[in-house]
Amino acid sequence: AVCENPDDEGPRWSEPRRIWHGVMLNKPTVLSTGEWLLPTYLLQNKGFGPFSPGFFPELDPYRGVNVFVSTDEGATWRRHGPRPFPNPCWHEAMIVQRKDNSRWMLTRTRKGIMQSISNDRGETWSEPTAPEGISHPAARFYVRRMASGRILMVKHGETMDAHEGRSKLTAWLSDDDGATWRGGLMLDERHGISYPDGTQAPDGTIYISYDRERTRLGEILMARIAEEDILAGKLVGPNSRLKMLISRPMKNRNTTAPHAN
């Protein structure tokens with residue numbers, strides 16, 4: 001669905017248009033060519049809970065991450081892939097265009113983050129491997145190239161190569177397409193935090209949102225930071241701020257609510 005007047009008091013949306021099967025959780029990546037890459041996924045398992053042993057077996061050949069490309073800003077899409085992953089979880093893939101023009105896909109699995117590389121503009125993807133030096137729980141992460149050219153990663157753990165579950169959410173920067181990482185700004189040290197997402201404003205400010213204890217508190221928080229804060233490992237900018245509450249339910253949620261990924 002498209003909104004052409006998002007800043008008006010009465011924004012109007014077009015009729016929804018179906019793209020394909022599956023789940024789209026992360027924003028598309030805009031490449032230097034102007035193309036949009038949109039990773040979607042179909043769960044690889046055979047169902048869970050009341051949905052076991054699974055539905056739609058005709059979709060089994062497409063299970064995993066399917067990457068869609070648009071050359072007209074989302075008006076039309078063409079499917080690439082799919083790329084299945086070992087120890088599949090919710091996938092939640094994100095893609096970064098590297099300086100050598102390859103595409104670097106990072107995906108969530110039950111064993112942490114795994115990677116796959118495409119050297120043909122996303123047509124095909126390499127066999128998955130574990131990215132060296134990156135350790136993460138079975139949880140969502142965030143990765144995106146900044147306007148400076150650095151790659152930002154938001155993950156769990158005080159260091160890149162370790163974690164303690166869904167706690168200690170930190171921000172890191174890489175100058176060499178993920179080979180090494182600098183910084184380590186602690187965004188939130190508490191337990192029960194997860195699902196970071198982000199964007200960078202035209203002035204370079206980075207906004208990271210995430211949730212906290214979703215089934216008990218249901219809080220959504222935000223960090224407003226700059227690359228200088230990440231590199232320093234502490235807030236140094238006059239406008240930088242952490243743990244800003246931006247949403248909370250009117251009353252406590254049911255603590256017996258079904259698990260949400």
Side-chain angles (χ1 to χ4, degrees), residues 25-39 65 67 69 83 85 91-109 112-119 121-122 125-126 128-137 139-163 168-188 194-210 222-234 236-237 240:
L25 186 69
N26 295 318
K27 296 183 287 290
T29 298
V30 180
L31 305 180
S32 60
T33 59
E35 295 172 301
W36 292 7
L37 286 187
L38 178 66
V65 178
V67 177
V69 62
R83 166 43 60 198
F85 282 81
H91 296 87
E92 297 170 358
M94 300 194 76
I95 298 172
V96 172
Q97 180 181 7
R98 301 197 295 190
K99 295 174 183 176
D100 64 2
N101 206 35
S102 63
R103 280 58 162 156
W104 186 33
M105 180 197 297
L106 296 176
T107 300
R108 168 185 172 180
T109 74
I113 296 175
M114 296 203 74
Q115 66 181 358
S116 179
I117 310 297
S118 175
N119 291 303
R121 301 176 65 183
W125 296 86
S126 66
T129 60
E132 186 175 354
I134 301 178
S135 179
H136 198 258
R140 192 184 191 272
F141 54 91
Y142 177 76
V143 63
R144 186 71 66 179
R145 190 175 294 281
M146 300 286 97
S148 66
R150 298 185 179 108
I151 293 178
L152 166 69
M153 175 173 282
V154 179
K155 67 174 290 288
H156 294 286
E158 288 187 89
T159 62
M160 285 298 295
D161 59 359
H163 69 83
K168 297 182 177 178
L169 196 65
T170 53
W172 303 81
L173 289 170
S174 175
D175 294 295
D176 50 15
D177 280 353
T180 60
W181 298 88
R182 296 197 291 156
L185 174 65
M186 182 68 68
L187 304 179
D188 199 322
S194 57
Y195 271 61
D197 199 4
T199 189
Q200 186 177 34
D203 65 359
T205 302
I206 301 166
Y207 296 89
I208 302 295
S209 62
Y210 58 95
M222 184 173 68
R224 183 177 64 220
I225 57 176
E227 291 188 39
E228 291 73 21
D229 301 318
I230 300 172
L231 295 174
K234 61 182 181 180
V236 295
S240 299

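Remember, predicted model here, so these are calculated numbers, not experimental data.
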message: If I take atom CG from residue L38 and atom NZ from residue K27, how far apart are they, to the nearest 0.5 angstrom?
response: 12.0 Å

query: Is there a donor-acceptor contact under 3.5 Å linking the side chains of T170 and W172?
result: yes

- request: Report yes if some heavy atom in the side chain of R98 is under 4.5 Å from a heavy atom in the side chain of I117; otherwise report no.
  value: yes

statement: Heavy-atom nearest pair, M114 first then A130, reads CE-N, 3.8 Å

task: Answer yes or no: is there a donor N or O on one side and an acceptor on the other, between the side chain of K155 and the main chain of V143, under 3.5 Å?
output: no

message: Which label fits H163 and H136: parallel for a plane angle under 30°, tilted from 30 to 60°, or perpendicular past 60°?
response: tilted

field: Value rounded to 0.5 Å, distance of CE in M153 from OG in S174
entry: 9.0 Å

message: Let me confirm one number: the CZ-CD1 distance from F141 to I113, rounded to the nearest 0.5 Å.
response: 4.5 Å

query: When you look at I151 and W104, which way does the side chain to side chain contact (heavy atoms under 4.5 Å, CB included) test go after all the steps?
result: CA-CA 11 Å; I151 293 178; W104 186 33; 4.2 Å; yes

query: What closest approach, in Å, do A226 and I206 show between heavy atoms, and which atom pair accounts for it?
result: C-CD1, 4.3 Å

- prompt: Just by modelled atom types, is the K99 backbone N or O under 3.5 Å from a matching donor or acceptor in the D177 side chain?
  reply: yes

- request: Find the distance between CD1 (I95) and CG (L31) and round it off to the nearest 0.5 Å.
  value: 8.5 Å

query: Between CE of M146 and CG of L173, what distance do you get to the nearest 0.5 Å?
result: 8.0 Å

query: How far apart are the C-alpha atoms of L25 and Y195, what are their side-chain angles, what is the distance that settles it, and do they pass the side chain to side chain contact (heavy atoms under 4.5 Å, CB included) test?
result: CA-CA 11 Å; L25 186 69; Y195 271 61; 4.1 Å; yes

task: Identify the heavy atoms of S194 and Y210 that sit nearest to each other, and give their distance.
output: O-CB, 3.5 Å

- request: Run the numbers on R103 and N101 for side-chain hydrogen bond (donor to acceptor under 3.5 Å, both in side chains), then give the verdict.
  value: CA-CA 7 Å; R103 280 58 162 156; N101 206 35; 3.1 Å; yes

message: Please check: side-chain N/O of R83 versus main-chain N/O of W125, any donor-acceptor pairing under 3.5 Å?
response: yes

task: For the residue pair P196 and L169, establish whether any side-chain heavy-atom pair is separated by less than 4.5 Å.
output: yes

message: Treating D229 as the side-chain partner and V236 as the backbone partner, does any N or O pair qualify as donor plus acceptor under 3.5 Å?
response: yes

statement: Between T29 and the options R144, Q97, R145, E35, the side chain to side chain donor-acceptor pair (under 3.5 Å) test singles out R144

query: Measuring from W181:CH2 to L152:CG, what's the distance to the nearest 0.5 Å?
result: 7.5 Å

- prompt: Which atom pair, heavy atoms only, marks the closest approach of M94 to N26?
  reply: CG-ND2, 3.3 Å

task: Step through the shown structure and confirm whether more than 12 heavy atoms of other residues, nucleotides or ligands are within 6.0 Å of CZ on R224.
output: yes

- request: Compare every heavy atom of L185 with every heavy atom of I230, then report the nearest pair and how far apart it is.
  value: CA-CB, 3.8 Å

message: Main chain of S126, side chain of S116: is a donor-acceptor contact present, judged purely on distance under 3.5 Å?
response: yes

- line: Smallest heavy-atom separation, A93 atom then P39 atom, equals O-CG, 3.4 Å

